[in-house]
Amino acid sequence: MGLQNNKLWIFTTRNKLLSKKTLGDGAVTIKDTKQIVDDPSHLNRSKIRKMFLDESGIHCILMSDSELFYNHWDSDYIYRIDVFTPEHFNCRQDETIKSMVIKAIDIKVIEDNLFEIIIGTKTGQILHGCYMA
């Protein structure tokens with residue numbers, strides 16, 4: 001669950017349900033929320049551990065041990081971000097890409113749909129990337 005700028009995001013790991021709601025006056029019920037049941041195979045096989053939101057609450061990053069997923073507030077689809085592919089990251093110190101585990105992440109919005117991500121791995125590697133939503 002995450003809340004930024006009166007935008008509430010809830011992700012359930014059991015059935016991969018992502019719910020969104022703009023908070024304001026009045027009571028909030030589950031019927032008032034926009035729900036996305038996203039069923040791509042890449043999300044079904046991943047165990048989502050954490051959710052990160054940018055300051056505006058528009059960009060959401062879901063994190064598993066070795067994968068990142070992205071959803072925009074206005075989108076009904078959860079995209080996979082390939083951060084550990086050879087074109088995005090060159091391995092050093094004889095470490096394989098498959099053995100890297102994401103430990104920390106930071107998101108900064110540069111423009112409305114352009115943001116940068118800094119990722120820290122469990123082994124101390126730091127990854128940096130810019131993505132257009």
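Computed from heavy atoms alone, side chains included, the values below leave out hydrogens, waters and symmetry copies.
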> How far does CZ of F11 sit from SG of C60, to the nearest 0.5 angstrom?
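F11 atom CZ to C60 atom SG measures 9.0 Å (nearest 0.5 Å).
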> Would you please test M1 and M51 for side chain to side chain contact (heavy atoms under 4.5 Å, CB included) and show each step?
CA-CA 7 Å; M1 180 168 65; M51 179 190 311; 5.8 Å; no
> Step by step, work out the side chain to side chain contact (heavy atoms under 4.5 Å, CB included) result for I58 and H72.
CA-CA 6 Å; I58 302 263; H72 189 275; 3.1 Å; yes
> E55: which residues meet the side chain to side chain donor-acceptor pair (under 3.5 Å) condition with it, sequence neighbours left out?
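Scan of E55 (side chain to side chain donor-acceptor pair (under 3.5 Å), adjacent residues dropped) gives none.
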> Checking side chain to side chain contact (heavy atoms under 4.5 Å, CB included) for the pair L3/L23: CA distance, chi angles, key distance, verdict?
CA-CA 9 Å; L3 176 66; L23 299 181; 3.6 Å; yes
> Give me the one residue out of I61, I48, L18 that meets side chain to side chain contact (heavy atoms under 4.5 Å, CB included) with F69.
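Option passing the side chain to side chain contact (heavy atoms under 4.5 Å, CB included) with F69: I48.
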> Under a 3.5 Å distance rule, please check whether K20 uses its side chain to pair with a backbone N or O of W73 as donor and acceptor.
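Yes; at least one donor-acceptor contact below 3.5 Å.
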> At what distance, to the nearest 0.5 angstrom, does CG of L53 lie from CG of L8?
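Here the rounded value is 9.0 Å.
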> Does R49 use its side chain to pair, donor to acceptor, with the backbone of I102 at less than 3.5 Å?
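Looks like yes, one N/O pair under 3.5 Å.
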> Could you tell me which residues satisfy side chain to side chain contact (heavy atoms under 4.5 Å, CB included) with E116, sequence neighbours excluded, listed by chain and number?
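Checked E116 against side chain to side chain contact (heavy atoms under 4.5 Å, CB included); matches are K108, I110, H128, C130.
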> Please enumerate all residues that pass side chain to side chain contact (heavy atoms under 4.5 Å, CB included) together with K50, with sequence neighbours excluded.
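Scan of K50 (side chain to side chain contact (heavy atoms under 4.5 Å, CB included), adjacent residues dropped) gives F52, M63.
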> List for me each residue that meets side chain to side chain donor-acceptor pair (under 3.5 Å) alongside D54, sequence neighbours excluded, and say none if there are none.
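D54 satisfies side chain to side chain donor-acceptor pair (under 3.5 Å) with S56 once adjacent residues are dropped.
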> Dump the intermediate steps for side chain to side chain contact (heavy atoms under 4.5 Å, CB included) on L68 and I105, then the final yes or no.
CA-CA 10 Å; L68 294 177; I105 185 171; 3.9 Å; yes
> Quick one: pull up NZ in K103 and CD1 in I119 and give me the separation to the nearest 0.5 Å.
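Going from NZ on K103 over to CD1 on I119, the span is 14.5 Å.
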> Could you grab the distance from atom CG of D106 to atom CD1 of I126, nearest 0.5 Å is fine?
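One finds 11.5 Å between CG of D106 and CD1 of I126.
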